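Below is one structure, written out as structure tokens; the observations come after it.
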Amino acid sequence: MALREDFLWGGATAANQCEGAYDVDGRGLANVDLSPVGEDRQAIITGKMKMFDFDDEHFYPAKGSIDMYHRYKEDIALFAEMGFKVYRFSIAWTRIFPKGDESEPNEAGLKFYEDLIDECLKHGIEPLITITHFDFPMHLVHEYGGWKNRKIIDLYQNLVTAIFTRFKGKVKYYLTFNEINVILEAPFMGAGLYLGDEENPKKAMYQAIHHELVASALATKIAHEIDPDAKIGCMLASTPHYPFSSNPEDIFAAQRVNWDNYFFIDVQSRGYYPTYKLKELERANLMPEMEEGDLDILRENTVDFISFSYYTTRTVKSTGFDKNGNITYEVVENPYLDRTDWGWEIDPLAFRTTLNNLWDKYQKPLFVVENGLGVVDEADENGYVEDDYRINYLRDHIKQMKDAVELDGVNLLGYTTWGPIDLVSAGTGEMKKRYGFIYVDRDNYGNGTLKRTKKKSFDWYKKVIASNGEDLD
Ligand code: BG6
């Protein structure tokens, strides 16, 4: 069995990493706008350092980014030239509800995305919308303290209702939250949570997680009511964790970390909290407050498909058990793998393993919505990049993906590479960590013409799509 004939090949971006125009047409301020490039970014996105306003010492890349807000027609035309069947992009919450708690949406914001969707459809490209990709209105951070406040569930319902109503009939695929499990590592970026003032940061985090899970289920319900043809997916940052050795302690440690991540998808796909997580939350006194009816909402509104990002794997080594009987561990280098300049281990075979694990666990169609190589590209004077390393990375991964489908029978809807056009890195805020088939002339501090040029991989991906993955040379 080859890839399905209507396999959705394409690319994926996120609003704050490509749009720029952060204060145009009524857009409000968001957490992502306030995450600067440089050494403080990590502390800010992880909710340890407060950055609630711009200052003069930092450079904030999302303000301008690659200005796709004004250049989306040119960019979508390039995607169409590569033969994209699907374009995954996200909606900036603060374009639709600038503060987050208004009663009426901002027409200019809805119109912008409607035009963008129409532009995709004009080229025969299916839009795939991420409703929230690491963005959260700053007004809701100030007034409500982020997703830990239950009120945000209602406000999110307003957002999704405005989106589904406006785009009904034009958009079939939606994801509720990008990489929902990233809240564990980056709570300010993932959920507008500043944890510096929290008495019990973990408790606040699990409360926020519960709210996001209920909001995601309600979004699924609302989507199906408004547009029965809409398909709603969850989205996992799938970084499989290996045990360092066959020592049972290492194996146990790897299982626990993997469970921490799978937990979100267990709830969104199966409709209930898995027992391992309930027990753990009880033991640690971290059980979130739940309202009557929450568990029914989760159970009755599971997702239609499962999407995930895949870049890398990690390896964990046990360091023993703590006084509460919980395993402790450290992340160690995998001696069998090469790594990128940013330390991400390159592991194509685990892509096949991941596809199989997710299909086997959930038995719902899968969608790979991110995969790619972030590296420094050296462009020549014409903006051309000979990026064979990117072609090699993608080829190796696509081969494994095909094996998962053709040899193992995984049900896969599509594949979108991350950042088909160079954009701002979510993790570091750098521009020089590039993923694109299209080079953008801009540096880490906003210098450059923003000119777009094709890299070598542009024509390669075009050929891959045209042959439905058969020609990978
Ligand atoms: C995923 C995110 O974590 O990985 C994207 O959904 C992000 O937003 C991508 O850009 C790559 O990570 P980074 O840190 O290299 O941009």
Side-chain angles (χ1 to χ4, degrees), residues 10-20 30-33 35-39 41-46 61-62 65-66 68 87-93 128-136 174-191 212 233-240 261 264-265 306-314 339-347 351 354 367-377 389-390 393-394 397 415-438 440 442 444:
T13 62
N16 77 87
Q17 293 173 254
C18 65
E19 282 178 8
N31 58 344
V32 283
D33 302 328
S35 303
V37 67
E39 56 184 22
R41 185 178 181 92
Q42 197 55 23
I44 292 164
I45 65 178
T46 53
S65 195
I66 59 160
M68 214 193 219
Y87 170 39
R88 172 184 174 226
F89 59 91
S90 80
I91 287 192
W93 189 335
L128 161 55
I129 291 186
T130 316
I131 296 166
T132 31
H133 191 126
F134 301 152
D135 75 347
F136 191 79
Y174 291 95
L175 310 178
T176 51
F177 291 92
N178 179 64
E179 295 190 334
I180 188 164
N181 51 322
V182 158
I183 185 176
L184 297 172
E185 287 187 0
F188 186 66
M189 184 164 81
E212 287 194 350
C234 53
M235 190 331 191
L236 168 78
S238 79
T239 304
N261 292 308
F264 296 80
I265 309 305
I306 289 162
S307 79
F308 66 101
S309 59
Y310 178 82
Y311 295 92
T312 185
T313 52
R314 280 187 207 145
R339 39 198 67 75
T340 70
D341 290 346
W342 276 267
W344 293 20
E345 285 169 342
I346 302 175
D347 190 351
F351 189 25
T354 303
F367 207 136
V368 177
V369 293
E370 289 184 31
N371 174 233
L373 179 68
V375 285
V376 176
D377 285 326
Y389 39 86
R390 178 168 293 108
Y393 176 99
L394 292 171
H397 283 76
Y415 171 84
T416 60
T417 64
W418 177 250
I421 181 165
D422 293 344
L423 36 64
V424 174
S425 156
T428 70
E430 292 165 298
M431 225 5 252
K432 72 171 188 195
K433 191 179 183 192
R434 296 172 184 272
Y435 288 85
F437 304 115
I438 301 161
V440 178
R442 181 174 163 96
N444 281 355

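Every number for a ligand or one of its atoms is a count from 1 in the order of the listing. Quick caveat: nothing in here was measured; it's all calculated off a predicted structure.
Scanning all protein heavy atoms for the shortest distance to atom 10 (O) of ligand 1 gives Gln17 NE2, 2.9 Å. Nearest non-hydrogen protein atom to atom 12 (O) of ligand 1 is Trp344 CH2, 3.5 Å. The protein heavy-atom contact nearest to atom 7 (C) of ligand 1 is Ala426 CB, 3.7 Å. The protein non-hydrogen atom at the shortest distance from atom 2 (C) of ligand 1 is Glu370 OE1, 3.3 Å. Protein heavy atom in closest approach to atom 11 (C) of ligand 1: Tyr435 OH, 3.4 Å.
The contact set between ligand 1 and His133, taken as ligand atoms under 4.0 Å from a residue heavy atom, comprises 2 (C), 5 (C), 6 (O), 8 (O). Numbered from 1 in the order shown, with element, the atoms of ligand 1 that lie under 4.0 Å from a heavy atom of Lys433 read 13 (P), 14 (O), 15 (O). Per-residue contacts place Tyr311 under 4.0 angstrom from the following atoms of ligand 1 (heavy atoms of the residue considered): 4 (O), 9 (C), 11 (C).
Between Tyr435 and Trp418, the ring planes lie perpendicular to each other; the angle is over 60°, past the 30° to 60° tilted range. Classification of the Phe89-Tyr87 ring pair by plane angle, with boundaries at 30° and 60°, yields tilted.
Between Gly427 and ligand 1, at least one N/O pair is under 3.5 Å apart. Polar contact with ligand 1: present for Ser425 (N/O pair, distance under 3.5 Å). Distances between N or O atoms of Ala14 and those of ligand 1 include no value under 3.5 Å. In terms of polar-atom proximity, Glu179 is counted as a contact of ligand 1, with an N or O under 3.5 Å from an N or O of the ligand.
Side-chain contact check for Thr130 and Asn178: no donor-acceptor pair (N or O, by modelled atom type) lies under 3.5 Å. Arg41 and Thr428 are not linked by any side-chain donor-acceptor pair at a separation below 3.5 angstrom, with hydrogens and angles left out of the test.
Partner of Trp93 under the ring-ring contact (aromatic ring centres under 6.0 Å, His included) criterion, chosen from Phe136, Phe177, Phe134: Phe136.
Under 4.0 angstrom from ligand 1, the non-hydrogen atoms of Phe134 all belong to its side chain. At a heavy-atom cutoff of 4.0 Å, ligand 1 is contacted by no atom of Val182, backbone or side chain.
A heavy-atom distance below 4.5 Å is found between the side chains of Thr13 and Pro420.
A distance of 3.5 Å separates NZ of Lys433 from CH2 of Trp344, quoted to the nearest 0.5 Å.
No donor-acceptor distance shorter than 3.5 angstrom exists from the side chain of Thr239 to the backbone of Thr313, with no hydrogens or angles considered.
Of all heavy-atom pairs between Leu175 and Cys234, the closest is CD2-O, 4.2 Å.
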